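For reference, the structure discussed in these notes is given below.
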Amino acid sequence: MSAALEIQGLRKHYGSEAAVDGLDLSIPRGEFHALLGPNGAGKTTTLRIVAGLVRADLGSVRVMGHDIALDPAAAKRELAYLPDDPQLYGKLDSLEYLEFVAGLWGIEAEAARARAEALLATLGLEDKSRDRVETFSRGMRQKLALAGGLIHEPALMILDEPLTGLDAAAARLVKDLLLERVKRGCTVVLTTHILEIAERLAERISIIDHGRIVAQGTMDELRGASGGQGTLEDIFLELTREGAGGVAA
Amino acid sequence: MAWRPRPASWPWLAAHELRMIWRNSGGTRIWVLGVLVGFLLLLLHAGAWFAMRRFDLEWLLGKLSATIIFATFVVLFVVLSAAFGLAVNAIFQRGDQDLVMSSPVPIGNVYAVRGMAVALSCVALPAIFWSPLADMGAVHGHWRALAAYPVWGALGLACSALAFAGTLALARLLGPRRAFRTAQVLGAVLGAVIVIAMQFQSLLPAGAQARVREWSRSEDAAALLGPHGVLTWPVRALFGDPLPAIATIGICLALFMLVVRSTTGAFASATREQPDVQLRTRRAAPATPRRFRSGLAAIVVAKELRLIARDPTLIAKSLVQLLYFIPLMAILMRRSQVAEVLAASLVLLASTLAGTFAWIAVSGEEAPDLLASAPVDAERLRWLKVAAVLMPVVVVVLPFLAWYALLSARLFAVLSVLLAASLASSAVVQVWTGIPGSGRDVRLRYKKNMLANFVEGMANMGWAGACYLAMAGHYRILPAALALGFAGPVTAWFVGRARRAL
C-alpha cells in the first residue's frame with residue numbers, strides 16, 4: 001500500500017532563493033505527523049506544493065498514490081488543506097459556506113447537509129449556523145475552516161498552524177477531533193510553532209530547515225539521534241541553529 | 001540636517017498621511033501610469049497654451065454661463081462623492097485605527113490631518129487636469145490663474161468637511177454599521193445626482209418644459225445662472241477673480257475648521273465603534289431547515305449570487321449606473337429616433353456591469369486557495385463563476401431587449417448580437433487577466449488591475465460604438481468600432497498568456 005504522502009527531491013526557488021531544496025518525506029497512512037521548522041524554513045511552501053497550490057520546480061509529490069502534478073483531481077479528492085489564515089467568504093453563513101465546500105468535492109446535498117450539521121455541532125458552532133462568517137472571531141473562523149476541511153472526509157489532512165487563535169477549550173476540541181480522525185485512519189500532517197503540541201500529539205516529527213528535512217523520527221528517535229535527553233525544544237533549537245548539521249533518525 | 005517634524009505633531013501626522021496616500025496609490029510601481037499622465041499633461045499644456053493666449057473669462061461666461069455652471073457643479077458633486085468614500089474609509093476602515101487611537105496623539109490633530117488627506121485625495125485628479133489652464137494662464141501673463149491651486153485645495157477641504165459631517169451625522173442617527181453602508185451608497189449616488197437631475201428635466205410634460213424655458217429667460221434665472229450670477233463664483237475663483245477666490249477660500253476653510261472643531265468628539269466615538277463590532281452582536285434570523293444543493297454549477301451560482309446580493313457597495317455602484325439609464329429609457333418610449341444612441345448606451349452599461357461583476361467573481365475571489373485545492377478543473381470553475389454573475393446583467397437588459405423587439409426586428413437583432421458580444425468580451429477580459437485574491441472592494445477595481453480594466457473599457461466603447469453605427473447604417477466605419485471591441489479580448493488573451501507563462 002502506498003504512503004499517504006510521498007515527497008521526493010522536492011525543489012522550489014523564488015528567484016535565486018531556494019524555498020524548498022531537495023526535500024524528501026514519506027508519511028505512512030494513518031499517522032499523525034508534525035512538520036516543524038523555524039520561520040522561512042520552507043514548511044508552508046512544501047504544504048502548498050502538496051495541496052497543488054504551487055508548482056514545484058523539481059521533484060514529485062504523491063498523495064495516497066496519486067501524483068499531484070500528473071493527476072491533480074485524484075490527489076485533491078483525498079486531501080484537505082487548511083492554511084494558517086483560513087480563507088472564508090464573509091458574506092456567507094456557516095451552512096452556506098459548508099454547502100459550497102461540499103459541492104466543490106462533489107458531495108451529494110443530503111450527505112453534505114448531515115455532515116455539515118454534525119461538524120458544526122462537534123465544533124460548537126451549531127448556534128452560529130446562520131450567522132455570517134464576517135461576524136466570527138478568529139477562533140470561530142478557524143473552526144469553520146476545519147469543518148470545511150473535514151466535510152469530504154479526507155484521507156490526508158494538511159494543516160498549517162491549525163491552533164493559532166484558538167482559546168484553550170477550542171484548541172483541546174480541535175486536538176481531540178484530529179486524534180479521533182487519525183484513529184479512524186485519516187493521516188494528519190500539521191505545522192506548529194508550539195512544540196509541546198507536536199511532542200504530545202505527533203507519532204513522528206520532521207524538522208525542516210533551509211528547505212530540507214534535517215531530522216525525522218519519533219520523539220525517542222530524535223532524542224537518541226541528537227545524543228541527549230532534552231525536550232523537543234532543545235532538539236529543535238540545536239538542529240536549526242545556524243550551521244547545525246542534521247540527524248537522521 | 002534635514003528638518004523633521006516633531007513626532008505626534010500635526011505636520012508629522014500629515015507626513016505620515018502623505019506617505020500612506022503615495023503607497024496606497026501604488027507607490028513607485030505607479031511610474032508607468034505617471035509617464036502616461038505626464039505625457040497627457042504635456043499635450044494638455046500645449047493645448048492650454050493656445051487656449052489661454054487670448055483667454056477672456058467674461059466673454060466665455062457671457063456665451064456659456066449655464067453650461068459652465070452645470071459642468072462646475074458636476075465636477076464638484078463628483079469630488080464630494082469621492083470625499084464620502086474616503087471619509088467612510090478614514091472613519092471606519094483604517095487598519096491603523098486602534099494603534100492611533102490608543103496613542104497619546106491629540107484626537108483633534110488626527111481628525112484634522114485625515115480631513116486634509118481626504119481633501120487632497122479627492123481633488124488631486126481635477127486639480128491635475130486643471131493645472132494646464134493655470135500654468136499656461138500664468139505663462140501668458142494671467143497670473144491670477146495660479147489661484148486655481150489654493151482654490152482647488154479649499155474646495156477639497158469643503159468637500160472633505162461635508163463628507164465627514166455627513167458620515168458622522170449618519171453614524172449618530174443610524175449607528176456605525178448602518179452609517180457605514182448608507183454613507184457608501186450616498187457617496188456612490190451623489191456623483192450621479194446632478195446628471196440624473198438634468199436628464200429628468202427633459203422628461204417633464206410639455207407644459208412644464210415650456211414653463212422651465214420661460215423661467216430660464218427671466219431676470220431671476222439670469223441672476224442665478226447668468227454670467228454675473230453667484231453660481232459662477234467657483235469657476236471665477238478658479239481663474240483668480242479676486243473677490244470670488246478670496247470668498248471661496250475663506251468660506252471653505254471656515255467650513256472645514258468649523259466641522260473639525262464641532263465634530264471631533266463624534267469622530268472619536270465613531271472610530272471607537274467600528275462597524276464590525278456591531279456586526280458581531282447581530283443575531284441571526286431564526287433557523288428554518290435549509291436544503292443543500294447538489295452539483296458544482298448549482299452551488300457556484302448560489303454562492304456567487306449570494307455574495308453579489310450581500311455586497312451593498314457593489315449594489316450601490318450598479319444601481320447608480322442603472323439610475324443614469326432610466327431617464328434615457330423614458331425618452332426612448334417617447335421618441336423612437338434616439339433608439340440608436342440608447343442602444344449604444346445600453347451596450348456600454350451592460351458591458352460595464354458585466355465587467356464589474358466578472359471582476360468580482362474572478363479577481364474578488366476571497367478563497368482562491370480553497371478553490372485551487374478542490375478536485376475540480378480551475379478553468380471550468382472560473383467560467384462557471386463568471387456565467388453565474390452575468391445572470392443579473394442579462395436580467396437587467398431583457399426588458400430593454402423586449403422593447404427593441406417591439407420597435408424593430410433589425411434593431412433587436414443588432415442589439416442582441418452586440419450585447420452578447422460585449423458581455424462575452426467583458427467576461428473573457430476578466431477571466432484571462434484576473435488576479436484572484438485582489439479583494440472585493442469594487443472601488444479598487446481599476447487600481448488593482450489597471451491594464452485589464454483599461455482594455456475592457458476600450459472594448460466596451462468599441463462595442464457600443466459598433467451598435468450605434470450598425471443601427472444608424474454607418475457601415476463604412478463599423479469595422480473600426482468592431483476592431484476596437486475585438487481588441488479587448490485579444491489583448492487580454494496575450495496579457496493572460498504572458499502571466500500564465502510566468
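This one's a predicted model, so the numbers in the text were calculated from it and none came from an experiment. First the proteins, then the strands, lettered A, B, ... as listed; each starts at 1.
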Around atom CZ of B/Arg172, are there more than 12 heavy atoms of other residues, nucleotides or ligands at under 6.0 Å? no

Does the pair B/Leu296 and A/Trp105 meet the rule for a side chain to side chain contact (heavy atoms under 4.5 Å, CB included), with working shown? CA-CA 9 Å; B/Leu296 187 64; A/Trp105 265 265; over 6 Å; no

Go through A/Ala112, A/Ala102, A/Gly106, A/Pro72 and name the one with the most non-hydrogen pairs under 4.5 angstrom from chain B. A/Ala112

Residue among A/Leu98, A/Asp93, A/Ile68, A/Leu82 with most heavy-atom pairs under 4.5 Å to chain B: A/Asp93

Measure the shortest side-chain to side-chain distance between A/Leu53 and B/Ser373 over non-hydrogen atoms and say whether it is less than 4.5 angstrom. yes

Is the side chain of B/Arg310 donor-acceptor paired with the backbone N or O of A/Lys91 at a distance under 3.5 Å, no angle test? yes

Structural part of A/Leu88 lying under 4.5 Å from a heavy atom of chain B: backbone

To the nearest 0.5 Å, atom CZ of B/Arg293 lies from atom CZ of A/Arg113 at 12.5 Å

Look at the side chain of A/Gln87 and the backbone N and O of B/Asp369, then say whether any donor-acceptor pair between them is shorter than 3.5 Å. yes

Quick one: are B/Lys303 and A/Tyr89 in side-chain contact, heavy atoms under 4.5 Å? yes

Trace of the side chain to side chain contact (heavy atoms under 4.5 Å, CB included) decision for B/Phe292 with A/Ile107: CA-CA 10 Å; B/Phe292 272 30; A/Ile107 313 289; over 6 Å; no

Just do the side chain to side chain contact (heavy atoms under 4.5 Å, CB included) check on A/Val101 and B/Ile299 with the steps written out, would you? CA-CA 9 Å; A/Val101 179; B/Ile299 57 125; over 6 Å; no

Based on non-hydrogen pairs under 4.5 Å, which of A/Ala74, A/Ala73, A/Ala80 is most in contact with chain B? A/Ala73

Determine whether B/Val300 and A/Phe100 satisfy the following criterion, side chain to side chain contact (heavy atoms under 4.5 Å, CB included), listing intermediate values before the conclusion. CA-CA 7 Å; B/Val300 169; A/Phe100 179 65; 4.1 Å; yes

Pick from B/Pro375, B/Ala302, B/Pro368: which one has the most heavy-atom pairs with chain A under 4.5 Å? B/Pro375

One thing to verify: whether B/Arg306 and A/Glu99 come together as a salt bridge, which I'm taking to mean a side-chain N less than 4.0 angstrom from a carboxylate O. yes

Would you find a donor on one side and an acceptor on the other, under 3.5 Å apart, between the side chain of B/Ser294 and the backbone of A/Ala109? yes

Starting at CG of A/Leu104, measure out to CG of B/Leu371 and round the result to the nearest 0.5 Å. 6.0 Å

Between chain B and each of A/Glu78, A/Glu108, A/Glu110, count heavy-atom pairs under 4.5 Å; write down the option with the most. A/Glu108

Between A/Ala116 and chain B, which part of the residue has a heavy atom less than 4.5 Å away: side chain, backbone, both or neither? side chain

